[in-house]
Number of protein chains: 2
Amino acid sequence: MDAHLALAARFEQWAMLGDDPARCPVRNLLDRIGDRWSMLLLAALAGSPRRFSALARAVPDISRRMLTQTLRTLETDGLVHREVEPSVPPRVTYSLTPLGKSFAGPLLALVDWAEAHFGEVEAARARMALAS
Amino acid sequence: MDAHLALAARFEQWAMLGDDPARCPVRNLLDRIGDRWSMLLLAALAGSPRRFSALARAVPDISRRMLTQTLRTLETDGLVHREVEPSVPPRVTYSLTPLGKSFAGPLLALVDWAEAHFGEVEAARARMALAS
DNA sequence: GCCTATAGTCTCTACCAGAGACCAGGTAAA
DNA sequence: TTTACCTGGTCTCTGGTAGAGACTATAGGC
């Protein structure tokens, strides 16, 4: 079965769940990790654990506010582990849990697609800009 | 190579691009389709073309404003094709372009992961709720 | 005459992301 | 001694943006 047909079948199942989107696992998780920063931070942590300021350096355009907030969400969802070393000043290390590592597969698929088809997307944007 | 190591290697490449996130294909596309609605609409269109109001019915909690806006973005990025039938009242049909269909693979990987691991995420949330 | 359906647009408001100041509390340089 | 700096955040203010809901034109059915 083609991927887009399988996807359509899944979508029909979600529709059966009725009017409450939170009960749909996909809606629920998409609302959490489908934002600008979550996937990026998961990718940043894929290689090795990093400390708070190292993450801030790795993703320069995230504000510390959103960095804290996103990491907290990823922690409560069990994707990221937060470890405080009670030294002075305290050092906080973030790492992927096994669940977080299991997300690397789908995320890599997304990244591969983005790199492979970015040219087509740019071409489409250029066409639309000309047409308008 | 494990997926999370491959992901880490990609992430290091992006860091080489310097301070402009828009030049990174992954950042660029994540900022576009990494919102609450884009992936959902792509999934809704995966099975067959749909008209505007059919999409609104398939995704009941999207406002018409966001439906219009998200479809326009997907159209300028070349993922969705918009076809106006000049009848009265006009009928507008949205369908996936070949580029849009090619996105079904990564999207399906994401959906599969969400359905497979949603239980673990809920368990993690319950643990965090108890601990707080 | 009134209601429906079509595919949107417009305005108003509420919320949320981002910017930047601020915090404790120890270390190290001047 | 004063000053600056490091850590990992928190606090407040503001601007942009998402969502709610009213409004549009035109035709067909009752």
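Below, all heavy atoms of this structure are taken into account, side chains as well, without hydrogens, waters or symmetry copies. Every chain is numbered from 1 and lettered A, B, ... according to where its sequence line falls, protein lines coming before strand lines.
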Review point. Going by an N to O cut-off under 4.0 Å, is there a salt bridge joining A:Arg10 and B:Asp112?
Key: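 Counted as a salt bridge, because a side-chain N and a carboxylate O are separated by less than 4.0 Å.
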
Practice item. Kindly write out the residues that satisfy side chain to side chain donor-acceptor pair (under 3.5 Å) with B:Arg27, not counting sequence neighbours, or none if the list is empty. Key: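 If we apply the side chain to side chain donor-acceptor pair (under 3.5 Å) test to B:Arg27, skipping adjacent residues, the hits are A:Asp61.
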
Review point. Under the side chain to side chain donor-acceptor pair (under 3.5 Å) test, which residues partner A:Arg57, sequence neighbours left out?
Key: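 Only A:Ser53 meet the side chain to side chain donor-acceptor pair (under 3.5 Å) criterion with A:Arg57.
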
**Study point:** Check: A:Ser102 main-chain N/O paired with B:Trp113 side-chain donor or acceptor under 3.5 Å
**Key:**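 Yes; judged by distance alone, with no hydrogens or angles, the pair exists.
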
Of the non-hydrogen atoms in [X] and [Y], which two are nearest, and what is the gap between them?
X	Y	result
B:Arg50	B:Ala44	NE-O, 2.9 Å
A:Thr70	A:Ser38	CG2-OG, 3.5 Å
B:Met39	B:Leu110	SD-CD2, 3.7 Å

Exercise for review: Could you tell me from which nucleotide to which nucleotide of DNA chain C, 5' to 3', there is an atom under 4.0 Å from chain A heavy atoms?
Suggested key: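 Both ends considered, the range comes out as C:dA17 to C:dG26.
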
Point to revise | For DNA chain C, the residues among residues 62-79 of chain B that have a non-hydrogen atom under 4.0 Å from it | key: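 Only B:Arg64, B:Arg65, B:Thr68, B:Arg72 qualify.
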
Review point. Does any pair with a residue in residues 85-98 of chain A pass side chain to side chain donor-acceptor pair (under 3.5 Å), and if so which ones, sequence neighbours excluded?
Key: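 Pairs touching residues 85-98 of chain A that pass the test: A:Arg82-A:Tyr94.
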
Point to revise | Note, B:Ile33 side chain near B:Phe103 side chain (heavy atom, < 4.5 Å) | key: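 Yes; the side chains approach each other to less than 4.5 Å.
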
**Study point:** Interatomic distance, B:Asp35 CG vs D:dT17 C1' [rounded to whole Å]
**Key:**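 It is 12 Å, rounded to the nearest whole Å.
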
Check your understanding: Given D:dT17, is OP1 or OP2 found less than 4.0 Å from the side-chain N or O atoms of B:Trp37?
Key ->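 So the side chain of B:Trp37 is outside the cut-off, no N or O lying under 4.0 Å from OP1 or OP2 of D:dT17.
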
Review point. Checking all strands, does A:Ser53 fall into the base, sugar-phosphate, or nothing category for heavy-atom contacts under 4.0 angstrom?
Key: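 Sugar-phosphate, no base atom in range.
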
Check your understanding: What string of B, S and - do you get for nucleotides 25-30 of chain D, 5' to 3', when a contact is any protein heavy atom under 4.0 Å?
Key -> --S---

Point to revise | From A:Asp77 atom CG to B:Glu122 atom CD, the distance as rounded to the nearest 0.5 Å | key: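 One finds 10.0 Å between CG of A:Asp77 and CD of B:Glu122.
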
